[in-house]
Amino acid sequence: MDCIFCKIANGEIPSATLYEDENFRVVLDIGPASVGHTLILPKKHYEDVYELPDELAANAFCLAKRTANALKRGLHPEGLNILQNNGSMAGQTVFHFHIHLIPRYREDQIALSWEPGVLEESDKKKIIKKVREQF
Ligand code: AMP
Ligand code: ZN
């Protein structure tokens, strides 16, 4: 399998690494949305969030928290988005699980917004019925 994030995470391709441990590499995104746009990459290949083992998922979010704090202390952004895309419809372009950390600055021109809909009572019941039993 030819996966660019496997190669970056395991050091086969050089990257702007901010942090590394046994299971993860934290790198600067090559096409940043803002100054300090960072990716958390597991060293093992999992395509998306659905495939992640529980322990890795827990550690990934813990590392996202540490990385958020490091970016906050180092770069002093005014906000920060944590984003994670699954499937091309959701904007995933590299099919190796990763978490984006996007520091936010005044007038950064990043658009991550939507027009809020209305949660109708009938939809609410249907959705709860369909999803609850899947846990
Ligand atoms: P996604 O659209 O969620 O799959 O995000 C993929 C991200 O990977 C994009 O933000 C790209 O800019 C970034 N990216 C792609 N190739 C590289 C690379 N070689 N090094 C660092 N970031 C990369
Ligand atoms: Zn991979």
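Counting starts at 1 for both ligands and their atoms, following the listed order.
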- Which atom, among the N/O/S set of H45, is closest to the Zn ion (ligand 2)? ND1
- Message: With a 4.5 Å cut-off on side-chain heavy atoms, are Y46 and P53 touching?
- Response: yes
- Query: If you measure from each non-hydrogen atom of I13 to ligand 1, which part falls under 4.0 Å: side chain, backbone, both or neither?
  - Reply: neither
- Should you measure from each heavy atom of H98, which atoms of ligand 1 turn up under 4.0 Å away? 1 (P), 3 (O), 4 (O), 5 (O), 6 (C)
- Message: At under 4.0 Å between heavy atoms, is it the side chain or the backbone of N85 that contacts ligand 1, or both, or neither?
- Response: side chain
- Close N or O approach (F5, ligand 1; < 3.5 Å): no
- Task: Find all atoms of ligand 1 within a distance of less than 4.0 Å from any non-hydrogen atom belonging to I8, and give their numbers and elements.
- Result: 18 (C), 19 (N), 20 (N)
- Message: I'd like the name of whichever of I99, I102, D29 reaches closest to atom 13 (C) of ligand 1 through any heavy atom.
- Response: D29
- If you count the atoms of ligand 1 from 1 in the order shown, which ones are under 4.0 Å from a heavy atom of H100? 1 (P), 3 (O), 5 (O), 7 (C), 10 (O)
- Task: Could you grab the angle centred on the Zn ion (ligand 2), going from ND1 in H96 to SG in C6, to 10°?
- Result: 110°
- What heavy-atom pair brings R104 and I110 nearest, and what distance separates the two atoms? NH2-O, 3.1 Å
- Task: Considering the heavy atoms of L28, write down every atom of ligand 1 situated less than 4.0 Å from one of them.
- Result: 21 (C)
- With a 4.5 Å heavy-atom cut-off, do D29 and V27 have their side chains touching? no
- Query: Hey, is R106 close enough to E78 for a salt bridge, meaning N to O under 4.0 Å?
  - Reply: yes
- Message: Is there a polar contact, in the sense of an N or O pair closer than 3.5 Å, between I30 and ligand 1?
- Response: yes
- Query: With no hydrogens and no angle check, is any side-chain donor or acceptor of T38 less than 3.5 Å from a backbone partner on G36?
  - Reply: yes
- Task: Check ligand 1 against G31 and write out every atom of the ligand that is under 4.0 Å from a heavy-atom position of the residue.
- Result: 12 (O)
- Contact between L39 and ligand 1, counting heavy atoms under 4.0 Å? yes
- Can you tell which of K44, H45, K7 makes a side chain to side chain donor-acceptor pair (under 3.5 Å) with H96? H45
- Can an N or O of V94 be found at a distance shorter than 3.5 Å from an N or O of ligand 1? yes
- Message: Using a strict threshold of under 4.0 Å (side-chain N to carboxylate O), is an ion pair present between K43 and E20?
- Response: yes
- Message: Among all protein heavy atoms in this structure, tell me which lies nearest to atom 4 (O) of ligand 1, with the distance rounded to 0.1 Å.
- Response: T93 N, 2.7 Å
- Task: Could you check if a side-chain atom of I99 sits within less than 4.5 angstrom of a side-chain atom of L39, using non-hydrogen atoms only?
- Result: no
- Item | Where F97 and V49 come nearest, the two heavy atoms and their spacing | CD1-N, 3.7 Å
- Query: Is ligand 1 less than 4.0 angstrom away from at least one heavy atom of G91?
  - Reply: yes
- Message: Less than 6.0 angstrom separating the ring centers of H100 and H98, yes or no?
- Response: yes
